[in-house]
Amino acid sequence: MALAPELLEVHEEQARDRYALPPLPDAEKGVVMRFAPNPSGPLHLGHARAAALNDAYVRRYGGRYILRIEDTDAKRVDPQAYDTVPEDIAWLECAITETVYQSDRLALYYDHARRLIERGGAYLCTCDNDRFRELRQAKRACPCRSADIETNLAGFEAMLEGAYAEGEASLRVRTDLEAPDPALRDFPAFRILTSTLHPRVDATVYPLMNFSVAVDDHLLGCTHVIRGKDHIANTRRQQFIYDWFGWTPPHFKHYGRMGIEGVVLSTSEMRAGIASGHYEGWDDIRLGTLRALARRGIAPEAVRRAMLAIGVGETDIQFSWENLFAENRAIVDPVADRLWFVPDPVAVEVSGALPREARPLRHPGMPARGTRTLAFDGSVVVPTAELGNDLSMLRLKDLFNVDVSAVEDRFRFAYAGDDLAEARAAHAPIIQWLPLGETLPCTLRRPEGDLTGVCEPAVRGAVGGVVQFERIGFARIDRAGPEGVVAYLTHR
RNA sequence: GCUGCUAUAGUGUAGUCCGGCCAAUCAUGUCGGCCUUUCACGCCGACGACUGGGGUUCGAAUCCCCAUAGCAGCACCA
């Protein structure tokens, strides 16, 4: 035990290098953080960054991790997302301690609106939108701004009771008309929405994001907020609300924008692509949703590690699949059984060899995991792409060497000994193969297109798991039915 | 346009606050080699960056100014 601390420290140091995040201020006694998605569809890699970063800090400092469903805009609520979002967050293995729905809290927001009005921090505005915009641009107050508290209180109640139609009135926060950023000047806190019904509540007046977020972050006791920098203007707006109420705001951190090569991260674009049939669904492997990653066989841990490696930098970044794949490969390589898949197979007769069994290892690094048995009895299938006119010898992996000859366009193999060294000396490719009679039809689906072929029967036992198709890449076995196997390429 | 933020290799990232120990870290990638009955894993090596220009200083990736580029916001969305 006397020697251990040093070693531990070294290990910790090394581990910290790539995944460690900068320390948070005032966090030593624990933190309360939240992940607050809009329930508009399944979660994607962009959400995963926010979810994983907050999760990592809560794990590090201890405390509470709130999943807050921000469903105050009925137009942007997809009822299915009430299920998919928690499912996705559970898949990501984030340590959520409680879940709240903003649509459950409307009374709370109304109550705080009244209190804000009483403090002179908000007023009911019935100005035309364009008109208000002009005034705001000119740093001038709109006529509604000068109404007294009683009038505003009454106006807000009237708004709640349905005296105004959608768009006719809003409650605005009194900020600073001289604010250099026009976005900060008297922004709206509540609006009326009657054209779209909310799937969970019967209401016509809804808080806007800046109001509900500030109230909730305070009421729920959030100590630190980590979100994308698209919220930086919102943070400034929310500061006005904290000031009006005399609340201490949480610590904010805004990370940079993240793009992902070759993928749309916009929920609405994905939805449109699915509707048009371009994508098969939310788990189409060309998508950046967590469901798509799961279907491909990416481990949640890999996603979290990749996000931690990126960190909380404010620089805009282009996320690369290579980095995610590398994280995943490290996780999956030690556990994935090695199995054979022969793409675009061609049957070849082998002359001069007696029937025998090949017993390839399930994992070359762990012989204890055992072998599978493939019974050679005269003919094999091999990948067509391996055969060529200039090829004279190859080795059927874990079986024996063969001489290759071609008559017309038909290839023939002739037994050429068992000696592995000979094959190496001849630079013979060592390839996967299958007995002609022991194959299962198999489709390997890839973002760039499907690969069809056959795989060994043992693949049936790996449904739902990730295997490595030797010399092809890692793949998740999606299903195995009478019609054959469907697998998804995870990555090479 | 206005308001603000950011700028390190193909990608991500450390270093920037408190200038010298940075001829710049780590990972990934690519290439080469070794190992290996996989083109996986592992090991070794190579490649590859401080956006540009000024300034301050004995000394700048680090501080200042300008330029350029990118991004965000300027919604009764989140």
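Reckoned from all heavy atoms, side chains included, excluding hydrogens, waters and symmetry mates. To find a chain, count down the sequence lines: A is the first, B the second, and so on, and within it residues start at 1. Computed from a prediction, not measured in an experiment: that's the story for all the values here.
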Item to check | Listed nucleotide nearest any side-chain atom of Asp398(A), set U13(B), A78(B), U37(B) | outcome: U37(B)
Next on the checklist: Counting only Watson-Crick pairs (N1-N3 plus N6-O4 or O6-N4) and G-U wobbles (N1-O2, O6-N3), all under 3.5 Å, who is the partner of C43(B)?
Outcome noted: G33(B)
Next on the checklist: On the side chain of Gln318(A), is there an atom forming a donor-acceptor pair with the base of C71(B) - under 3.5 Å, no angle test?
Outcome noted: no
Next on the checklist: Distance check, C1' atoms only: C58(B) and G12(B), in whole angstrom units.
Outcome noted: 37 Å
Checklist entry - Roughly, in whole Å, what's the span from CD1 in Ile232(A) to C1' in A78(B)? => result 17 Å
Item to check | Among G73(B), U38(B), A72(B), the nucleotide that comes nearest once only the side chain of Lys229(A) is considered | outcome: A72(B)
Next on the checklist: Can you measure Ile431(A) atom CD1 to U38(B) atom C1' for me and round it to whole angstrom units?
Outcome noted: 11 Å
Checklist outcome for this item: Heavy-atom nearest nucleotide on RNA chain B taken for Gly313(A) and for Arg424(A); more 5' hit belongs to Gly313(A)
Checklist entry - Just checking, Arg446(A) and Tyr488(A): is the charged tip under 6.0 Å from the six-membered ring centre and within 45° of the axis? => result no
Checklist entry - Taking atom P in both G53(B) and A14(B), what distance in whole Å separates the two? => result 25 Å
Item to check | Whichever of Leu420(A) and His363(A) has its nearest RNA chain B nucleotide further upstream toward 5' | outcome: Leu420(A)
Checklist entry - Under a 3.5 Å cut-off for both distances, is A72(B) Watson-Crick or wobble paired, and to whom? => result U3(B)
Item to check | No-H, no-angle donor-acceptor pair, Gln468(A) side chain to U38(B) base, under 3.5 Å | outcome: yes
Checklist outcome for this item: In whole angstroms, the gap separating C1' of A72(B) from CG of Asn210(A) amounts to 14 Å
Next on the checklist: Suppose we define a pair by two distances each less than 3.5 Å, Watson-Crick or G-U wobble; what does U28(B) pair with here?
Outcome noted: G10(B)
Item to check | Heavy-atom check, side chain of Ser392(A) versus side chain of Val404(A), under 4.5 Å | outcome: no
Checklist entry - Do Phe400(A) and Phe376(A) have their ring centres less than 6.0 Å from each other? => result yes
Checklist outcome for this item: note: Gln239(A), atom CD; G73(B), atom P; distance rounded to Å ~ 20 Å
Checklist entry - Arg236(A) has a side chain; which of G4(B), U13(B), C74(B) sits nearest to it? => result G4(B)
Next on the checklist: Please report the distance separating the P of C63(B) from the corresponding atom of G15(B), rounded so that it comes out in whole Å.
Outcome noted: 13 Å
Item to check | Span that lies between the P atom of G10(B) and that of C22(B), in whole angstrom | outcome: 23 Å
Checklist entry - Of the nucleotides U8(B), C76(B), G29(B), which one has an atom closest to the side chain of Arg172(A)? => result C76(B)
Checklist entry - Below 3.5 Å, does any donor atom in the side chain of Arg329(A) face an acceptor in the base of A40(B), or the other way round? => result no
Checklist outcome for this item: Rounded to whole Å, the CZ-P distance (Phe319(A) to U11(B)) equals 14 Å
Next on the checklist: I want to verify a distance call: between A75(B), G73(B), C76(B), whose nearest atom is closest to the Asp181(A) side chain?
Outcome noted: G73(B)
Item to check | Identity of whatever pairs with A60(B) - Watson-Crick or G-U, under 3.5 angstrom | outcome: none
Checklist entry - Mind checking the C1' distance from A61(B) to A49(B)? Whole angstroms is fine. => result 10 Å
Checklist entry - Rounded to whole angstrom units, what separation is found between the CG atom of Leu184(A) and the P atom of A72(B)? => result 18 Å
Checklist entry - Within the pair Arg136(A) and A75(B), is there a side-chain N or O less than 4.0 Å away from OP1 or OP2? => result yes
Next on the checklist: Need one value for Phe187(A): base, sugar-phosphate or nothing, where a base atom within 4.0 Å counts as base even if backbone is also close, heavy atoms only.
Outcome noted: nothing
Item to check | Atom-to-atom span, CZ of Arg362(A) to P of U38(B) - whole angstrom | outcome: 18 Å
Item to check | Pair Glu70(A) + Arg68(A): basic N to acidic O under 4.0 Å | outcome: yes
Checklist entry - Is Arg305(A) close to Ile331(A) at the side-chain level, that is, under 4.5 Å between some pair of heavy atoms? => result yes
Checklist entry - Below 4.0 angstrom from OP1 or OP2 of A72(B), is there any side-chain N or O of Arg257(A)? => result yes
Checklist entry - Taking the six-membered ring of Phe132(A), is NZ or CZ of Arg172(A) closer than 6.0 Å to its centre and within 45° of its axis? => result yes
Next on the checklist: From the set C41(B), A75(B), C76(B), return the single nucleotide nearest to any side-chain atom of Ser170(A).
Outcome noted: C76(B)
Checklist entry - Any ion pair linking Glu456(A) and Arg338(A) (charged N to carboxylate O, less than 4.0 Å)? => result no
Checklist entry - For the side chain of Asn323(A), counting heavy atoms from C-beta on, which of G73(B), U37(B), G12(B) is nearest? => result G12(B)
Checklist outcome for this item: Ranking U28(B), A40(B), C76(B) by distance to the side chain of Ala326(A), first place goes to U28(B)
Next on the checklist: With rounding to the closest Å, how many angstrom separate the C1' atoms on G52(B) and A7(B)?
Outcome noted: 12 Å
Checklist entry - For U38(B), which nucleotide in any strand shown is its Watson-Crick or wobble partner with both distances under 3.5 Å? => result none
Item to check | Among U37(B), A78(B), G12(B), the nucleotide that comes nearest once only the side chain of Arg395(A) is considered | outcome: U37(B)
Checklist entry - Using the C1' atom in both, what is the distance from G19(B) to U57(B), to the nearest Å? => result 9 Å
Next on the checklist: Taking the ring centre of each residue, are Phe190(A) and Tyr206(A) less than 6.0 Å apart?
Outcome noted: no
Checklist entry - With respect to the side chain of Asp73(A), which nucleotide from U37(B), U38(B), A78(B) is positioned closest? => result A78(B)
Checklist entry - Given the C1' atoms of C17(B) and G54(B), what is the spacing between them in whole Å? => result 24 Å
Checklist entry - What is the distance from CG of Asn38(A) to C1' of A78(B), rounded to the nearest Å? => result 5 Å
